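Have a look at the structure below before the remarks.
On a predicted model such as this, the values are computed, not experimentally measured, just so you know. Residue indices begin at 1 and follow the sequence shown.
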Amino acid sequence: MARGGGAAGVSMAHHLGIALVVLVVAAMAQVARGGSGGHDYGMALSKSILYFEAQRSGVLPGSQRIAWRANSGLADGKANGVDLVGGYYDAGDNVKFGLPMAFTVTMMAWSVIEYGEEMAAAGELGHAVEAIKWGTDYFAKAHPEPNVLYAEVGDGDSDHNCWQRPEDMTTSRQAYRLDPQNPGSDLAGETAAAMAAASLVFRSSNPGYADQLLQHSKQLFDFADKYRGRYDNSITVARNYYGSFSGYGDELLWASAWLYQASDDRRYLDYLANNADALGGTGWSINQFGWDVKYPGVQILAAKFLLQGKAGEHAGVLQGYRRKADFFACSCLGKDAADNVGRTPGGMLYHQRWNNIQFVTSASFLLAVYSDHLAGGAVRCSGGGGAAAGAAELLAFAKSQVDYILGSNPRGTSYMVGYGAVYPRQAHHRGSSIASIRASPSFVSCREGYASWYGRRGGNPNLLDGAVVGGPDEHDDFADERNNYEQTEAATYNNAPLMGILARLAAGHGARARGRLGQSLQHGIAANHTSLPHGANHQHASPVEIEQKATASWEKDGRTYHRYAVTVSNRSPAGGKTVEELHIGIGKLYGPVWGLEKAARYGYVLPSWTPSLPAGESAAFVYVHAAPPADVWVTGYKLV
């Protein structure tokens, strides 16, 4: 399982007239091959969607194009008295993990919502919609009652002790469920988001099915909100593989945003706005978006509502969301004053060694979407004296990241299997690395798989066409070895956002004209609300203030050391809200810190004996180094 993730780390489109839309669509085939690297984005799009057929569980359809796969997991759910046949395996294993699967479907649906007309022009919309439905059909089975959701089939521990084709599985197929006694607001919320987003995809072509999905989504959201808790506290076998490090606040906001877009029901917009502080939507400044942490996605969706004039009385709060969306974009572009995403020497965004590309594809998609909805506007960045970044700059940077993945990098390696002349041949993938059951029907046991196939030299016998692997390290280095799972394992959530940005690039790199297909994928309800312009006086300011000063200096070994005292204060008025889950970022620090604890994912947190800051109170910490003051900022918090 290529997880390697976890918590860290939109104006209305132009309608340019039917004649211009026709010209744009007619030209798409001619501009599909373009860019500085000469990449065939149309081909890459086709492959990125094809990959999902290799990940299918259940009874494969007659239209199956990955011919080396066969039926699998046909008894899933039987021991629990429920039909859980179907769905997707997450990566190179044979477990059906609910959290990454739901995020995958959400992102596939969002890709179609934004770029469905471009997919249609490339001849791939039908395949994309089929891939979404493969997931939503499974989720409908996994949600047999309003307050019950089956969250996982199989477990990572037994699966990792076995190297088998999915068709031969002998590992545990136990199903794990969420219910009021075993809550999972994060997973239920993400599944609600997936169903709501998918309902938009089917709204025009299959309205009855769209209604079913929306009903599932509403029930799941109510379940997630009423019975709160982290799913990995209820299903502990998931913790080591897809632990919910960011908690469930982001998924509740994420689900409410998608439900608002899918239903136009104002109560979901009210929820998004009224819980912006309490659930961290306007508190967290995050530059990483993936299967665990959804805050940047929520923030860009909220900014989209604002730019579309759908904010109504909540315009001030949605401005707060938009400022966080701007932070995400600026941090990716390297234009934030304090907290920019790192890059490899070759220019790829870099967060971590294990499956770093998941964050590259998701960031590229968000930047493209934000760029298109800015409609020629700009984001405001804190670096470089109030620097701004235009919509075209966001899209150009997103394109550069896609080009890197497709082979415009120092190694000249495409990290999409089957695309380009040089690509990974030894993907860490059970089904791909063992002879197809169609070519070699003899049973392959767990031990035989490891003994005969896992360590086998040479390329995999089955092409995992379109799979995007974890990718290179911080030095642009990559080892194409099957046991190098951090770099050679692919995952569904790597591909899901990539298919959207590839469709965008296949259609050309200039301003978009949204045609009738794009309109039909929206809910179609006219928006007649007004919003404040970006930068208006209605501010949604943070109550957390940071002050630091030098309190002592001394000489040692020819160097001047300074001790700096930092005070973090909750400036909420007396009787106001308490700051909880405060995370602090510190940059350009060259010495020890006292009074803070290192967070698992987000920089620093207050010590365990001071977990929160009531209104009007402060906390202090100190650090020592032989340098000017460090950069200290608030990464995120919640107000309760």
Side-chain angles (χ1 to χ4, degrees), residues 7-9 245-247 249-250 253 272-288 293 295-296 298-299 302 316-328 330-331 336-340 380-383 386 535 537-549 564-589 593-623 629-640:
F245 299 103
S246 69
D250 50 342
L253 296 172
L272 181 67
N274 295 339
N275 292 279
D277 281 334
L279 297 179
T282 52
W284 284 110
S285 299
I286 301 292
N287 55 25
Q288 188 181 98
V293 61
Y295 284 117
V298 176
Q299 290 153 358
V317 178
L318 267 60
Q319 283 284 359
Y321 277 108
R322 184 180 177 185
R323 281 191 287 275
K324 298 302 182 181
D326 284 2
F327 164 82
F328 176 84
C330 295
S331 182
D336 187 71
D339 189 17
N340 292 307
R380 296 185 177 183
C381 302
S382 60
N537 291 328
H538 189 160
Q539 298 293 313
H540 190 70
S542 168
V544 182
E545 291 186 358
I546 294 177
E547 298 176 307
Q548 65 171 320
K549 60 182 178 180
Y564 296 93
V566 184
T567 303
V568 184
S569 304
N570 179 359
R571 297 301 187 190
S572 298
K577 294 183 177 181
T578 297
V579 173
E580 292 189 352
E581 298 185 29
L582 177 65
H583 284 64
I584 295 171
I586 306 180
K588 299 178 183 178
L589 175 67
V593 178
W594 293 271
L596 293 177
E597 296 177 359
K598 188 71 175 172
R601 298 272 174 174
Y602 301 108
Y604 296 86
V605 295
L606 297 177
S608 55
W609 60 85
T610 312
S612 61
L613 276 181
E617 295 194 7
S618 302
F621 65 92
V622 298
Y623 63 92
D631 295 330
V632 181
W633 67 93
V634 174
T635 301
Y637 62 89
K638 292 181 181 179
L639 285 177
V640 296

Ala615 and Ser572: which non-hydrogen atoms are nearest, and at how many Å? CB-O, 3.7 Å
So how far is it from Ile286 CD1 to Ser331 OG, rounded to the nearest 0.5 Å? 10.0 Å
Can you check whether Leu272's main-chain N or O pairs, donor with acceptor, with Tyr321's side chain at less than 3.5 Å? yes
Any side-chain heavy-atom pair of Tyr623 and Pro629 under 4.5 Å: yes
Just by modelled atom types, is the Pro296 backbone N or O under 3.5 Å from a matching donor or acceptor in the Asp250 side chain? no
Smallest separation among heavy atoms of Asp631 and Ala338, with atom names: CB-CB, 4.5 Å
Heavy-atom side-chain proximity of Val632 to Phe621 below 4.5 angstrom: yes
Within the 4.5 Å heavy-atom criterion, are Thr578 and Leu639 side-chain neighbours or not? no
Over all heavy atoms of both residues, which pair between Ser569 and Ser618 is shortest? Give the atoms and the distance, please. OG-OG, 2.7 Å
Looking only at non-hydrogen atoms, find the nearest pair between Gly595 and Pro607 and report the distance. O-CD, 3.2 Å
Working to the nearest 0.5 angstrom, can you tell me the gap between Asp336 CG and Asn287 CG? 8.5 Å
Going by the side chain to side chain donor-acceptor pair (under 3.5 Å) test, name the single residue among Gln299, His583, Lys324 that passes it with Ser285. Lys324
Do the side chains of Tyr295 and Leu253 get nearer than 4.5 Å, heavy atoms only? yes
Closest non-hydrogen atom pair, Thr282 against Gly320: CG2-C, 3.8 Å
If we only count heavy atoms from C-beta on, is the Val566 to Leu596 side-chain gap below 4.5 Å? no
Can a donor-acceptor pair be found, under 3.5 Å and without considering hydrogens, that links the side chain of Glu597 to the backbone of Ser608? yes
Would you verify whether the NZ or CZ of Lys598 falls within 45 degrees of the ring axis of Tyr604 while also being under 6.0 Å from that six-membered ring's centre? yes
